[in-house]
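Remember, it's a predicted structure, so these values are computed and weren't measured experimentally. Hydrogens, waters and symmetry mates are skipped; everything else that's a heavy atom, side chains included, is used. Lettering follows sequence order; numbering is per chain, from 1.
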Number of protein chains: 2
Amino acid sequence: MKILLLEDDTVLSSILIDFLSETYSVTHTYSMKEALSLSEENSYDLYIFDINVPDGDGITLLRELRSFHDETPTIFITAFHDISYLKKAFESGANDFIRKPFDLEELYGRIENIKRHFGLFNIVKLGDAMELNTQTHLLTCKDKTEHLTQKESELLLYLYKHKNRVISTDELLQNLWNYEELPSSDAIRTLIKELRKYVGREHIINIRGEGYKFE
Amino acid sequence: MKILLLEDDTVLSSILIDFLSETYSVTHTYSMKEALSLSEENSYDLYIFDINVPDGDGITLLRELRSFHDETPTIFITAFHDISYLKKAFESGANDFIRKPFDLEELYGRIENIKRHFGLFNIVKLGDAMELNTQTHLLTCKDKTEHLTQKESELLLYLYKHKNRVISTDELLQNLWNYEELPSSDAIRTLIKELRKYVGREHIINIRGEGYKFE
DNA sequence: CTTACTCACAAAAAATTTTTGTCAAAAGTA
DNA sequence: TACTTTTGACAAAAATTTTTTGTGAGTAAG
């Protein structure tokens with residue numbers, strides 16, 4: 001899931017980037033203008049805007065975006081006191097807000113909540129550079145989008161969910177097929193071959209006699 | 001068998017060295033004085049002296065040597081005409097002579113004849129640097145003398161006689177033992193091990209599954 | 001006491017088996 | 001039909017096992 005973060009406080013932004021990057025793909029900017037151009041050039045799944053930034057405010061930015069029918073869900077960050085903006089924020093199309101100082105876990109909860117709301121729960125970040133939509137089976141990787149088949153997608157997701165652990169062929173068969181329609185292990189081998197074309201050989205490692213490991 | 005050759009004619013000496021080196025160990029010198037000092041420093045099995053050399057003559061040299069009880073067999077080389085020296089030569093202790101120009105095979109025959117006479121037939125040249133006395137089992141190598149056991153000596157001789165050919169363990173067993181007392185192939189392995197200590201690993205090469213080759 | 005040989009085990013090389021990678025193509029599915 | 005899934009054949013790679021060779025110690029015979 002791709003997040004566009006607008007935050008001018010260097011300390012806070014670095015904390016946020018560190019935290020959010022564990023789970024999402026984060027693009028960060030200090031200025032409203034850049035945020036605007038970034039949102040035009042790319043497509044994001046979530047905006048997180050600080051209300052007060054040097055060259056404007058998040059509310060104006062959001063109003064602008066919404067006028068172009070950009071319905072990307074948006075969370076505002078606001079100073080504890082400054083709840084005066086609240087009403088305006090929601091009027092301009094905000095979906096949630098969070099007051100500084102805040103607990104990172106709270107932010108995480110709110111993001112997950114929005115994901116649920118907007119049906120984004122099936123976008124999974126794989127490593128630093130890739131994202132997989134587990135419904136459409138689209139794999140996004142450095143602006144390039146690949147169309148995986150369903151099985152490829154399932155296998156990739158399974159490997160990712162158990163990354164850094166060696167997973168045997170049998171385990172994969174057990175978990176990705178039902179008992180009546182187990183294929184031979186040949187099927188896994190060809191799937192692995194295909195996946196490697198997309199995610200790169202270096203990420204799917206074979207441990208002889210044991211299985212495969214996603215890194 | 002080690003030969004000391006005294007011959008000042010460069011053409012003839014190079015021919016002689018080439019020919020004799022195939023069978024014997026040859027040390028060559030142009031001058032009588034050097035011949036004298038060489039004979040004192042080393043021990044040779046045969047002298048081949050030209051009667052006429054720049055700084056003296058072979059006869060004087062031989063007389064000198066004999067006076068020190070050096071009984072090394074000696075062959076003189078003399079010009080066809082100048083048989084006048086003949087008597088003096090024999091008186092001074094020569095064992096044979098050969099007249100220029102001569103056939104190399106003739107020289108070879110005379111040398112072999114002397115070997116027979118003096119019981120030197122069991123000295124065999126191995127490669128460029130070694131000699132094996134097949135009776136005493138003494139292996140001479142760069143001034144160092146090693147005492148081989150009988151079997152070591154027999155094996156080395158067999159290998160040498162068939163050098164550059166791969167010889168199987170079975171062939172060695174067949175040829176170096178009699179039928180009733182064939183040892184196991186272990187015996188060969190230990191003999192090879194010992195021989196390699198003497199002649200150097202590089203000269204006895206193993207061809208896996210086939211045998212050993214002397215080079 | 002030396003020699004000839006055997007034995008046990010280490011080291012090296014080769015042969016064999018197992019596992020994995022790859023491709024083409026068959027079979028299944030919408 | 002077009003696409004996904006699976007299979008099967010074979011190549012490539014890795015591991016295992018077997019065979020051969022090297023080495024030192026030790027024994028028996030002369």
B:Asp55 and B:Lys33 ion-paired at < 4.0 Å: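 Looking at B:Asp55 and B:Lys33, the cut-off is not met.
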
Residues B:Arg165, B:Glu171: salt bridge by 4.0 Å N-O rule: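 Yes.
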
Sugar-phosphate only, base, or nothing, as touched by B:His137 at under 4.0 Å among non-hydrogen atoms: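 Nothing, no heavy atom under 4.0 Å.
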
Sugar-phosphate only, base, or nothing, as touched by A:Ile207 at under 4.0 Å among non-hydrogen atoms: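 Sugar-phosphate: the residue A:Ile207, judged by heavy atoms under 4.0 Å, touches backbone atoms but no base.
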
Comparing A:Gly211 and B:Glu152 on DNA chain C - which has the more 5′ nearest nucleotide: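 Residue closer to the 5' terminus by nearest nucleotide: B:Glu152.
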
5' precedence on DNA chain C between B:His147 and B:Ile188 (nearest-nucleotide basis):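 That would be B:His147.
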
For residues [X] and [Y], is any side-chain donor paired with an opposing acceptor at under 3.5 Å?
{"X": "B:Thr140", "Y": "B:Glu131", "result": "no"}
{"X": "A:Tyr158", "Y": "A:Lys161", "result": "no"}
{"X": "B:Glu34", "Y": "B:Thr29", "result": "yes"}
{"X": "B:Asp45", "Y": "B:Tyr24", "result": "no"}
{"X": "B:Tyr179", "Y": "B:Gln174", "result": "no"}

B:Trp177 side-chain N/O to C:dA4 phosphate OP1/OP2 under 4.0 Å: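 For C:dA4, OP1/OP2 do not have a side-chain N/O of B:Trp177 under 4.0 Å.
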
Can you tell me how far [atom2] of [N] sits from [atom1] of [X], to the nearest Å?
{"X": "B:Leu176", "N": "C:dC5", "atom1": "CG", "atom2": "C1'", "answer": "14 Å"}
{"X": "A:Glu202", "N": "C:dG21", "atom1": "CD", "atom2": "P", "answer": "14 Å"}
{"X": "B:Leu173", "N": "C:dA4", "atom1": "CG", "atom2": "P", "answer": "15 Å"}

OH (B:Tyr30) with more than 12 external heavy atoms under 6.0 Å: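 No - once you tally the heavy atoms of other residues, nucleotides and ligands closer than 6.0 Å, there are 12 at most.
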
Boundaries of the DNA chain D segment in contact with chain A, non-hydrogen, under 4.0 Å: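 Extent of the interface on DNA chain D: D:dT4 to D:dA15.
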
Base versus backbone protein contacts along nucleotides 22-30 of chain C [heavy-atom cut-off under 4.0 Å; B, S, -]: BB-------

Smallest separation among heavy atoms of B:Thr74 and B:Leu46, with atom names: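 Minimum heavy-atom separation between B:Thr74 and B:Leu46: N-CD1, 4.2 Å.
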
